[in-house]
Number of protein chains: 2
Amino acid sequence: MDMPTRLEAHDCRGVSEILMRIGDKWTVLVVMMLREKPRRFNELKRHVGGISQQMLTRTLKTLERDGLVDRSVRETTPPQVEYALTPLGHSLSAPVMHLGDWAIANLGEIHLNRHRYDAATHG
Amino acid sequence: MDMPTRLEAHDCRGVSEILMRIGDKWTVLVVMMLREKPRRFNELKRHVGGISQQMLTRTLKTLERDGLVDRSVRETTPPQVEYALTPLGHSLSAPVMHLGDWAIANLGEIHLNRHRYDAATHG
DNA sequence: CAGAATCCACCAGGATACTG
DNA sequence: CAGTATCCTGGTGGATTCTG
């Protein structure tokens, strides 16, 4: 419809890899939370409702490993740990927002399609 | 940094839902394949290397359920089944391409970060 | 050709208890 | 406060066999 295909079959693997990387249950939610400003552990836990501290720890650790989130510790008592998006992390949030716009626009239709499909499933 | 945040916390759930929906191992690859033109079952199986027919069946079925892919059967012998993106499916491919561009640009750095992190993990 | 059915391994993710 | 450690379950995805 527009430009010649920029993504070749080979590149699709990279797309898929990124999608699988951020396509888990919590990663995007955490990134979105950190998009506004850096936050501390329990602050994140409160704002991302429903996440267990186990999964928050895992999510933040893999984000840090990939260089998407920076972890800074203040050795006070009690300790303060602050998480912030790196420039790389911020750059990721842009295309994710695009997908977010699409999601907001089309999620309703998708759910509708599902209901129709399930209703038509005679058995 | 730019416009006021368009995505509120509530909306992030939708984003996350879509990400989880298409963030599995094969969905995006199949959508990318169908982006060029409609294809038949084994044609897809060949082009999307490494997918089992089990997973291709599942992937196509959920795509059809969500109204992202259209399935048309020609009752010949042997039967011919063609899969094509719906307009909704095509509209999804756009933001996915944006994420694809990001992936191509930054996947190298991510892998590098991982190696660095793992190397620094003294134990 | 285009699946359906079955079996199985792995891992994401939840719950809970404990620690510096 | 910011984690770690352990246990457990459901779902994803692979391999194989069978069918119209």
Side-chain angles (χ1 to χ4, degrees), chain A residues 12-13 16-31 33-34 38-66 69-84 114 117 121-123, chain B residues 12-13 16-31 33-34 38-66 69-84 114 117 121-123:
Chain A
C12 291
R13 299 293 171 170
S16 184
E17 185 179 337
I18 287 294
L19 257 319
M20 291 187 62
R21 166 65 185 83
I22 66 177
D24 67 337
K25 192 167 184 178
W26 302 110
T27 295
V28 168
L29 295 177
V30 170
V31 169
M33 281 304 152
L34 294 178
R39 292 179 191 272
R40 292 170 54 188
F41 188 86
N42 279 330
E43 193 183 353
L44 279 170
K45 183 155 164 38
R46 276 191 301 273
H47 282 77
V48 184
I51 191 171
S52 64
Q53 92 292 46
Q54 160 83 290
M55 285 313 296
L56 183 54
T57 300
R58 282 195 206 172
T59 302
L60 288 169
K61 196 166 290 180
T62 52
L63 281 172
E64 187 194 359
R65 183 169 107 107
D66 287 357
V69 157
D70 181 57
R71 178 179 183 269
S72 58
V73 190
R74 233 168 256 280
E75 286 292 354
T76 62
T77 44
Q80 296 193 356
V81 182
E82 201 175 65
Y83 293 93
R114 280 182 200 172
Y117 185 94
T121 301
H122 47 284
Chain B
C12 290
R13 299 291 171 171
S16 183
E17 185 179 337
I18 286 294
L19 256 321
M20 291 188 62
R21 166 66 185 83
I22 66 176
D24 67 338
K25 192 166 183 177
W26 301 111
T27 295
V28 168
L29 295 177
V30 170
V31 169
M33 281 306 152
L34 293 178
R39 293 179 192 273
R40 291 170 55 187
F41 188 87
N42 279 330
E43 193 183 353
L44 278 170
K45 184 155 163 39
R46 276 189 301 274
H47 281 77
V48 183
I51 190 173
S52 64
Q53 116 289 44
Q54 159 83 293
M55 285 314 297
L56 183 54
T57 301
R58 284 194 205 172
T59 302
L60 288 169
K61 195 167 290 180
T62 51
L63 280 171
E64 187 194 358
R65 183 167 106 107
D66 288 357
V69 157
D70 181 57
R71 178 178 183 271
S72 59
V73 190
R74 233 167 258 280
E75 286 291 358
T76 62
T77 44
Q80 296 191 356
V81 182
E82 200 175 65
Y83 294 92
R114 281 182 198 170
Y117 185 93
T121 301
H122 47 284

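Below, all heavy atoms of this structure are taken into account, side chains as well, without hydrogens, waters or symmetry copies. Chain naming here is simple, since letters A, B, ... match the order of the sequence lines and numbering starts at 1 in each.
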> Taking side chain as C-beta onward, heavy atoms only, is A/L44 less than 4.5 Å from A/I51?
Replying inline: no

>> By the 4.0 Å heavy-atom rule, please label B/R74 as base, sugar-phosphate, or nothing.
In response: nothing

> Whole-Å distance between C/dG13 P and A/L60 CG?
Replying inline: 14 Å

> C/dA12 P sits how many Å from A/I51 CD1, rounded?
Replying inline: 14 Å

>> If you assign A/K25 and B/F41 each to the DNA chain C nucleotide with the nearest heavy atom, which residue ends up on the more 5' nucleotide?
In response: B/F41

> Which nucleotide in the list C/dC1, D/dA2, D/dG3 gets nearest to the side chain of A/N42?
Replying inline: D/dA2

>> Measure CE/A/M20 against P/C/dC11 and give the value in whole Å, please.
In response: 12 Å

> Could you state the CZ-P distance from A/R40 to D/dG3, rounded to the nearest angstrom?
Replying inline: 10 Å

> Does a nitrogen or oxygen in the side chain of B/Y83 sit under 4.0 Å from OP1 or OP2 of C/dG3?
Replying inline: yes

> So what does B/T57 touch, heavy atoms closer than 4.0 Å: a base, only the sugar-phosphate, or nothing?
Replying inline: sugar-phosphate

> In whole Å, what is the span from the CE atom of B/M55 to the P atom of D/dA15?
Replying inline: 12 Å

>> C/dA4, OP1 or OP2 - any side-chain N/O from B/K61 closer than 4.0 Å?
In response: yes

> How close or far is atom C1' of C/dC11 from atom CZ of A/R58, stated in whole angstroms?
Replying inline: 9 Å

> Can you tell me if A/S16 uses its side chain to pair, donor with acceptor, with the backbone of B/W26 under 3.5 Å?
Replying inline: no

>> Would you say that B/L56 contacts B/V48 through its side chain, given a criterion of any heavy-atom pair below 4.5 Å between the two side chains?
In response: no

>> Measure CG/A/L44 against P/D/dC1 and give the value in whole Å, please.
In response: 13 Å

> Between A/K61 and A/R58, is any pair of side-chain heavy atoms under 4.5 Å apart?
Replying inline: no

> Can you check whether B/M33's main-chain N or O pairs, donor with acceptor, with B/R39's side chain at less than 3.5 Å?
Replying inline: yes

> Is A/F41 close to A/V81 at the side-chain level, that is, under 4.5 Å between some pair of heavy atoms?
Replying inline: no

Each nucleotide N or O in nucleotides 16-20 of chain C that has a protein N or O under 3.5 Å away: list the pair and distance.
| from | atom 1 | to | atom 2 | distance (Å) |
| --- | --- | --- | --- | --- |
| C/dT16 | O4 | A/Q53 | NE2 | 3.3 |
| C/dA17 | N6 | A/Q53 | NE2 | 2.8 |

> Between D/dC1, D/dA2, C/dG14, which one does the side chain of A/W26 approach most closely?
Replying inline: C/dG14

> Do the non-hydrogen side-chain atoms of B/R21 and B/T27 ever get within less than 4.5 Å of each other?
Replying inline: yes

> For the pair made of CD in B/E64 and C1' in C/dA2, what is the distance, rounded to whole Å?
Replying inline: 13 Å

